[in-house]
Amino acid sequence: MSDIKITIIDREGKSHEVDAPTDMNMNIMEVVRAYELAEEGTIGICGGMAMCASCQCYVLNEKDVNLPEKNPDEEAMLWEAFNVKENSRLGCQIHITEEINGLIVELAPES
Ligand code: FES
């Protein structure tokens, strides 16, 4: 049993509860792409290097999960990105682990 549940609200406001594997070294951005929850070419543009912010999402239930702190690259990119809020994170920097089971994120608008 290595799947966790993640809820992803797409850019149209539609909510999707998806299973995400903890044993495939995936991150949130890759899960969004795997389930085609954002239009091709609008997410994951830098390939998950914390250099484009196309994977920005808002974490809606931070207190329910054990999210890792932002790393310096993520901090720096969010500093420059558009539509940034208090609860913004880069999906590519959040790895799928047991600690984030039940996470709810909303994709930030395309910028
Ligand atoms: Fe580019 Fe996450 S995919 S910052």
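Both counts, for ligands and for their atoms, begin at 1 and track the order of listing. This one's a predicted model, so the numbers in the text were calculated from it and none came from an experiment.
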In ligand 1, which numbered atoms sit nearer than 4.0 Å to a non-hydrogen atom of G48? 3 (S)
Just which atoms of ligand 1 are under 4.0 Å from any heavy atom in M51? 4 (S)
Are side-chain N/O atoms of T42 and E110 paired as donor and acceptor at under 3.5 Å? no
Donor on one side chain, acceptor on other, N27 and Q93, under 3.5 Å: no
Going by heavy atoms, is M77 under 4.0 Å from ligand 1? no
Would you call L67 and E99 a side-chain contact if the rule is heavy atoms closer than 4.5 Å? no
At atom 1 (Fe) of ligand 1, what is the angle formed between atom SG of C52 and atom SG of C46, rounded to the nearest 10°? 110°
Which residue supplies the protein heavy atom nearest to atom 4 (S) of ligand 1, what is that atom called, and how far is it? A53 N, 3.3 Å
Please calculate the SG(C55)-atom 2 (Fe) of ligand 1-SG(C92) angle and round it to 10 degrees. 100°
Record the part of Q93 in heavy-atom contact with ligand 1 below 4.0 Å; permitted values are side chain, backbone, both and neither. neither
Heavy-atom distances under 4.0 Å are what count here, so tell me which part of A50 touches ligand 1: side chain, backbone, both or neither. backbone
Are the charged groups of E40 and R33 less than 4.0 angstrom apart, N to O? yes
Side-chain heavy atoms nearer than 4.5 Å, only ILVMFWY residues, links allowed to pass through others: does that put I4 and M29 together? yes
Check L103 against I28 and note the closest heavy-atom contact, atom names and distance. CD2-CD1, 3.7 Å
